[in-house]
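Here is the structure we will look at.
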Amino acid sequence: MPSPSPSGPPVLPISEHEDEIVAAVEANPVIVVIGETGSGKSTQLSQILHRRGYTRRGAIAVTQPRRVAAVSVSRRVAQELGVSIGEEVGYAIRFEDRTSEKTKIKYLTDGVLLRESLSNPELKQYSVIILDEAHERSLNTDILLGLMKRLIKHRASDLKVLITSATLDGLKVSNFFSGCPVLNIPGTIFPVEKFYSTDRPTNYIESSLRTAIDIHVKEAPGDVLIFMTGKDDIDKMVSKLEERIQNLEEGSCMDALVLPLHGSLPPEQQVRVFSPAPPNCRRFIVATNVAETSLTVDGVVFVVDCGYVKQRQYNPSTGMYSLDVVEISRVQADQRAGRAGRTRPGKCYRLYPSSIYQKEFLEATVPEIQRTSLAGSVLYLKSLNLPDIDILKFDFLDPPSRESLEDALRQLYLIDAIDESGQITDVGRLMAELPLDPSLSRTLIEANELGCLSQALTVAAVLSAEITLRQTRSKDMEGKRKRQELPDGSGWGDHVQLLQIFESWDQADYDPRWCSDHDLQVRGMKFSKDVRNQLSQIIQKIAKGPTDLQARRGRKSDPEYRKLRRALCVGYGNQLAERMIHHNGYHTVGYRTQLVQCIHLLYLKVMNTGNCLCMSSTTN
DNA sequence: ATCTAAAAG
């Protein structure tokens, strides 16, 4: 066993509970650990069990909902144990496996653990599995919770499962695991005083603005974190805030620095929030819910909370997603407030009345499993070949509606992944192996049959990266840096445009500058390149044609896109719409016809019958 | 004329 390095593990609240934890683990197959932020649960639990000999017969897996967390926490643990990453301590995330035979403590994303259990359902290499941050209720964590419940029955003698959560829903999880013990570990957070508005503001941007200025003029030093719903609001807020601060009387208050923060910001701009405020300067960070859990901004003492969040929800009766601005939950509101109390006591300004918080807000955010299409998860579970399992009766912590499960089965049936009796088909098995949504994996398989696999791989990869093509108008051409023209899809729609974009980048030898010259996110393009590699590797064993890019052969004839279009229509057969002749709109094709309006630009001409469209979301 | 939160394989 490695001895602690001189820098050693810091003394954290959890250290005092070591014996208690070990005794509970010893006596129970599953335990729940409630640990607030600052309790040290993410870094210490694994080390405690390692010290106490639980790694003699296998490794400890610790899952995280996010890649960055898996990497950064494992780095810290490796440092505390005085070893290099990849030795006793390692991590595994998509595209990056930093583990070896020596690895005893392995941090991984919950998605990676699900992939592992696809090829190794008993997860025999692990003696302990810790599901960390279970309160976030990511889709993958919820699936894992169900799988763990089954697994501990099969491996009662040699597997320990720990579920850790920050909030107090421990009883619910404990009930799910037939009343297992719940241990509480206090954290180190400071009190946050909450202030409520008397009314809901009619314009929450204006209201946030006033609150922020008020703080700036009246309050002691300390950064301000302002929660908004999206990029648009953030940009508006940033410019208005800068303008108002400019207009304040010279010398009446300290300097100010206003920073936007959201997920689509290029990384170099995101990290700006990690450098502390200059002397005599207050920072205003205007953020989406990234700042709620994913990114922690140090130095925040004041929080302004508009009480809303953008949430994507799936409607199983129409088979479509919508992105809506909805009220946050009480848990979410408290999480936002907590961001003001990380370094010292803070204040949180809630732009809604206390009665709304009490009576209108939901107790907790609706878990993702109840807001998303379950086609992918159901296919995954089917491919595990679990004995005696009826998907409609799978034991979930919060079961999705029957309607949603039936929708998933119908969707899978429509794309040949399961048969009439609900059995997974050969096509379905192949699909489950691909790290893609079922519609896209079905597209790949069809493309393989039609002889356009290479093109489809590219489209699937770029779609996975969710690249946004910003519409820049001609008047944006001012300034030195001219945005260069992107391929336009030659009238074949957005999928082909994405294909052409990736092929052009390939011809530019994957130069990052090509991306910035064309106003594309380097991060997203690199991601699609990685995905493409991963997909072609997986599909190699069934590939009937070349999988590498074929764009370099010069342009003797016009490229052929008909087959690709056909493959897409098979994959998205459940999400097609047809243009209405003589009308400016579309209606869905299928068992239930619905008028739709295209907002996601996935335009295709198909099947010789006129104009058709593959949708991922709609309005109306 | 209209628009996308965040996260994962």
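So that the names make sense, note that chain A is the first sequence line, chain B the second, and so on, each numbered from 1. Bear in mind the structure is a predicted one, so any value in this text is a computation, not a measurement.
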Hey, does [X] reach any base, or is it just sugar-phosphate, or nothing, if we go heavy atoms under 4.0 Å?
{"X": "Glu136(A)", "result": "nothing"}
{"X": "Ser138(A)", "result": "nothing"}
{"X": "Leu139(A)", "result": "nothing"}
{"X": "Arg94(A)", "result": "base"}

Side chain of [X], heavy atoms from C-beta onward: which of [options] has the nearest atom to it?
{"X": "Val112(A)", "options": "dG9(B), dA5(B), dA6(B)", "answer": "dG9(B)"}
{"X": "Thr288(A)", "options": "dA5(B), dG9(B), dT4(B)", "answer": "dA5(B)"}
{"X": "Leu323(A)", "options": "dG9(B), dA8(B), dA5(B)", "answer": "dA5(B)"}

Phosphate OP1/OP2 of [N]: any [X] side-chain N/O under 4.0 Å:
{"X": "Ser464(A)", "N": "dG9(B)", "result": "no"}
{"X": "Arg67(A)", "N": "dG9(B)", "result": "yes"}
{"X": "Thr229(A)", "N": "dA5(B)", "result": "no"}

Using a cut-off of 6.0 Å, state whether more than 12 heavy atoms not belonging to Asp426(A) lie near its atom CG.
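Result for CG/Asp426(A): open.
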To the nearest Å, how far apart are [X] [atom1] and [N] [atom2]?
{"X": "Glu116(A)", "N": "dA8(B)", "atom1": "CD", "atom2": "P", "value": "16 Å"}
{"X": "Arg336(A)", "N": "dA5(B)", "atom1": "CZ", "atom2": "P", "value": "14 Å"}
{"X": "Arg523(A)", "N": "dA8(B)", "atom1": "CZ", "atom2": "P", "value": "11 Å"}
{"X": "Gln311(A)", "N": "dA7(B)", "atom1": "CD", "atom2": "P", "value": "15 Å"}
{"X": "Phe527(A)", "N": "dA6(B)", "atom1": "CZ", "atom2": "P", "value": "15 Å"}
{"X": "Gln521(A)", "N": "dT4(B)", "atom1": "CD", "atom2": "P", "value": "16 Å"}
{"X": "Phe95(A)", "N": "dA7(B)", "atom1": "CZ", "atom2": "P", "value": "16 Å"}
{"X": "Tyr314(A)", "N": "dA6(B)", "atom1": "OH", "atom2": "P", "value": "23 Å"}

Take Ile93(A) and Val290(A), find for each the nucleotide of DNA chain B with the closest heavy atom, and name the residue whose nucleotide sits nearer the 5' end.
Val290(A)
Taking the nucleotide of DNA chain B with the closest heavy atom to each, which residue, Ile467(A) or Arg115(A), is nearer the 5' end?
Ile467(A)
Taking the cut-offs as 6.0 angstrom to the six-membered ring centre and 45 degrees off its axis, would you call Lys106(A) and Tyr91(A) a cation-pi pair?
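No, cation not above the ring by the 6.0 Å, 45° rule.
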Does the structure place the NZ or CZ of Arg350(A) under 6.0 Å from the centre of the six-membered ring of Tyr357(A), at an angle of no more than 45° from the ring's axis?
yes
Any side-chain donor near an acceptor of the partner, Ser138(A) and Thr141(A), under 3.5 Å:
yes
State whether a side-chain donor-acceptor pair under 3.5 Å links Ser329(A) with Thr365(A).
yes
The reported gap from CG in Leu139(A) to CD in Glu368(A) (rounded to nearest 0.5 angstrom) is 5.0 Å
For residues 457-465 of chain A, please give each side-chain donor-acceptor pair under 3.5 Å, one per line with the distance, not counting sequence neighbours.
from	atom 1	to	atom 2	distance (Å)
Thr458(A)	OG1	Ser454(A)	O	3.2
Thr458(A)	OG1	Arg532(A)	NE	2.8
Thr458(A)	OG1	Arg532(A)	NH2	3.4
Ser464(A)	OG	Ala460(A)	O	2.8

Can you list, in residue-number order, the parts of residues 259-274 of chain A that come under 4.0 Å of DNA chain B, counting heavy atoms only?
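Close to the strand are His262(A), Gly263(A).
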Can Phe227(A) and Tyr308(A) be said to form a ring pair (Phe, Tyr, Trp, His ring centres under 6.0 Å), step by step?
CA-CA 8 Å; Phe227(A) 283 102; Tyr308(A) 294 102; over 10 Å; no
